[in-house]
Amino acid sequence: MLDTKIVRANPEAVAQQLEKKHFAFPVERFNELEAKRREVQVETENLQNERNTRSKMIGKAKASGEDIQPLLAEVASLGDKLDAAKQQLNEISAELDDMLLGVPNIPDESVPFGEDEDDNVEVRQWGTPRSFDFEPQDHVALGEQHGELDFETAAKLTGSRFAVMTGKIARLHRALIQFMLDVQTTEHGYTEAYVPYMVNEDSLKGTGQLPKFGEDLFKVPFGDRQYYLIPTAEVPVTNIVRDEIVDAAKLPLKFTAHTPCFRSEAGASGKDTRGMIRQHQFEKVEMVQVVEASQSWAALEEMTGHAEAILQKLNLPYRVVVLCGGDLGFSSAKTYDIEVWLPGQDKYREISSISNMTDFQARRLKARARNPETGKPELLHTLNGSGLAIGRTLVAVLENYQQADGRIEVPEALQPYMGGVTEI
RNA sequence: GGAGGGGUGGCUGAGUGGUCGAAAGCACCGGUCUUGAAAACCGGCGAGUCGAGAGGCUCCCAGGGUUCGAAUCCCUGCCCCUCCGCCA
């Protein structure tokens with residue numbers, strides 16, 4: 001959520017900045033509602049004030065043994081008036097809240113203008129895509145050849161967009177998780193976290209998936225409530241600080257977590273239908289940082305480096321792009337995507353996304369820390385990034401490390417996690 | 001699933017219808033004292049929101065209700081603790 005003070009002070013400026021994200025902020029409707037809100041709120045609060053004052057007088061009168069009947073008569077009509085005012089205020093506030101909860105974060109000045117992913121801007125490249133002296137296969141063909149990556153069985157068990165892995169490939173998949181967690185905890189200073197894979201509505205509101213993007217989520221009815229399968233560890237991990245005043249001395253908080261992620265991919269029918277690139281269920285090792293406001297831009301660069309380090313250790317060629325306004329996520333002020341080279345597709349594909357949410361999530365979460373100078377609680381900044389998406393990393397390893405006969409070299413960094421196996 | 005006890009400020013914890021946003025302690029901040037620190041003593045100290053300000057309003061798990069007035073009474077839900085049962 002944006003700072004309502006800023007929106008009120010200059011709605012036109014906010015609207016203009018949101019244009020970069022191709023979001024049309026309804027300035028007129030907002031101003032209209034704001035004016036009404038102000039009016040009704042003042043009226044309501046005046047009535048409340050009157051009620052409070054008179055109730056106190058009644059209390060005093062009663063204590064001193066006076067007759068309170070005349071005083072009671074005076075307040076008789078107050079209740080109805082107050083109820084009416086309150087109801088009106090509630091309606092206006094609800095509409096304003098709905099409006100503001102649906103407004104995305106303002107993109108940072110450094111975010112390039114653009115429509116979609118084609119307008120993202122490359123920041124740097126690392127490594128050189130390997131040149132093959134044979135026709136490289138994609139991971140689906142490789143997996144089939146090994147008999148260890150099976151989409152048809154998964155479709156029988158569940159449906160499309162799931163995978164069954166067995167044997168060495170299943171182990172390689174697991175090795176990637178362990179490897180990444182170890183790097184993040186021992187080399188990058190993250191604290192490992194284990195979190196629920198189902199969350200409540202409040203958590204999803206806190207990080208911004210709700211109320212707007214419910215159709216992307218898998219819902220789990222539970223009694224008369226509703227839980228949701230997490231679409232990313234960002235949700236449970238970032239919500240650790242919801243409604244908390246964090247001890248400033250403990251900042252920055254740096255968490256890493258391995259979780260499965262569940263996405264309905266509602267808007268992606270027909271997109272990436274082959275293989276493991278876009279699944280309803282996939283694993284991810286996530287990085288989350290909760291930092292003091294002034295530190296978040298440095299943290300964004302740092303976290304991008306942490307994700308890159310994994311790819312470098314795996315010796316997988318990649319490039320880093322900065323997302324343009326049109327491709328930027330709802331809660332994000334700035335996002336870097338890291339794209340890994342996939343020989344099977346002959347192009348770079350997203351394998352990590354690192355975002356600075358500034359105070360946008362923190363405001364919804366009420367995640368604060370006391371400023372040591374002033375003693376006052378101030379909003380924190382939250383960031384998250386994949387470090388990395390496991391399924392896509394597996395795809396990258398299979399495709400980049402394939403041999404002419406279909407065997408897969410095991411990257412050196414993963415060999416300790418594969419019991420010393422060098423080839424599968 | 002059954003029985004009971006609880007959810008109050010950063011923390012511990014008092015408060016069972018009125019002058020309670022809320023005792024006390026801890027923590028924290030300022031001061032006195034001290035070469036410095038500690039201790040002791042004095043003072044300050046919840047959050048959010050509206051307002052230029054004075055000040056107002058809201059918040060004692062959440063949502064309803066009773067009442068002129070609710071932290072306090074009633075209803076529903078959620079969460080935590082103890083015991084019994086079941087269980088990976």
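Numbers restart at 1 for each chain; the letters A, B, ... are given by sequence-line order, proteins then strands. Hydrogens, waters and symmetry mates play no part in the numbers below; they use all other heavy atoms, side chains included.
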So what does [X] touch, heavy atoms closer than 4.0 Å: a base, only the sugar-phosphate, or nothing?
| X | value |
| --- | --- |
| Arg37(A) | sugar-phosphate |
| Ile58(A) | base |
| Lys376(A) | sugar-phosphate |

Tell me the partner of [N], counting only Watson-Crick (N1-N3 plus N6-O4 or O6-N4) or G-U wobble (N1-O2 and O6-N3) with both under 3.5 Å; none if nothing fits.
| N | value |
| --- | --- |
| G9(B) | none |
| G4(B) | C81(B) |
| C59(B) | G46(B) |
| U66(B) | none |
| A52(B) | none |

I'd like to know whether the aromatic ring centres of Phe330(A) and Phe360(A) sit less than 6.0 Å apart in this structure.
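Yes.
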Is there a donor-acceptor pair under 3.5 Å between the side chain of Thr256(A) and the backbone N or O of Met287(A)?
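Flag not set: sc Thr256(A) to bb Met287(A) has no pair under 3.5 Å.
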Mind checking the C1' distance from G1(B) to C74(B)? Whole angstroms is fine.
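Those two atoms are separated by 27 Å.
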Quote, to the nearest angstrom, the C1' distance that separates G31(B) from U16(B).
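40 Å, rounded to whole Å.
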Residues Lys254(A), Glu302(A): salt bridge by 4.0 Å N-O rule
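Salt bridge flag = yes for Glu302(A) with Lys254(A).
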Please determine if Lys271(A) and Glu265(A) form a salt bridge, counting it only when a charged side-chain N lies under 4.0 Å from a carboxylate O.
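Result for this pair is no, no salt bridge flagged.
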Considering only side-chain heavy atoms of Ser55(A), which listed nucleotide, C50(B), C68(B), G48(B), is closest?
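Shortest atom-to-atom distance from the side chain points to C68(B).
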Which nucleotide in the list U19(B), U49(B), A47(B) gets nearest to the side chain of Arg370(A)?
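That would be A47(B).
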Return yes if a side-chain donor-acceptor contact under 3.5 Å exists between Glu91(A) and Gln87(A), otherwise no.
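Indeed, the side chains of Glu91(A) and Gln87(A) share at least one donor-acceptor pair under 3.5 Å.
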In terms of side-chain heavy atoms, does Gln145(A) have a donor or acceptor partner in Gln137(A) at a distance below 3.5 Å?
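Short answer, yes.
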Suppose we call a contact any N or O donor and acceptor under 3.5 Å apart; does that hold for the side chain of Lys62(A) and the base of G18(B)?
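Check passes, donor-acceptor contact within cut-off.
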What is the ring orientation for Phe162(A) with His280(A), classed by angle as parallel under 30°, tilted 30 to 60°, or perpendicular over 60°?
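The arrangement is tilted - the two ring planes meet at 30° to 60°.
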With a 6.0 Å cut-off (strictly less than), is the heavy-atom count around CE of Met418(A), excluding the residue itself, greater than 12?
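More than 12 within 6.0 Å, yes.
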Tell me, yes or no, whether the heavy-atom count around Glu50(A) atom CD, taken from other residues, nucleotides or ligands under 6.0 Å, exceeds 12.
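For Glu50(A), atom CD is crowded (more than 12 foreign heavy atoms under 6.0 Å).
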Short N/O separations, protein against nucleotides 57-60 of chain B, under 3.5 angstrom:
from: C57(B); atom 1: OP1; to: Asn49(A); atom 2: ND2; distance (Å): 2.8
from: C57(B); atom 1: OP1; to: Asn52(A); atom 2: ND2; distance (Å): 3.3
from: C57(B); atom 1: O3'; to: Gln48(A); atom 2: NE2; distance (Å): 3.0
from: C57(B); atom 1: O2'; to: Gln48(A); atom 2: NE2; distance (Å): 2.9
from: U58(B); atom 1: OP1; to: Arg51(A); atom 2: NH2; distance (Å): 3.1
from: U58(B); atom 1: OP2; to: Asn52(A); atom 2: ND2; distance (Å): 3.4

Please tabulate, one pair per line, each protein N/O and nucleotide N/O from nucleotides 72-79 of chain B that are separated by under 3.5 Å, including the distance.
from: C78(B); atom 1: O3'; to: Arg225(A); atom 2: NH1; distance (Å): 3.3

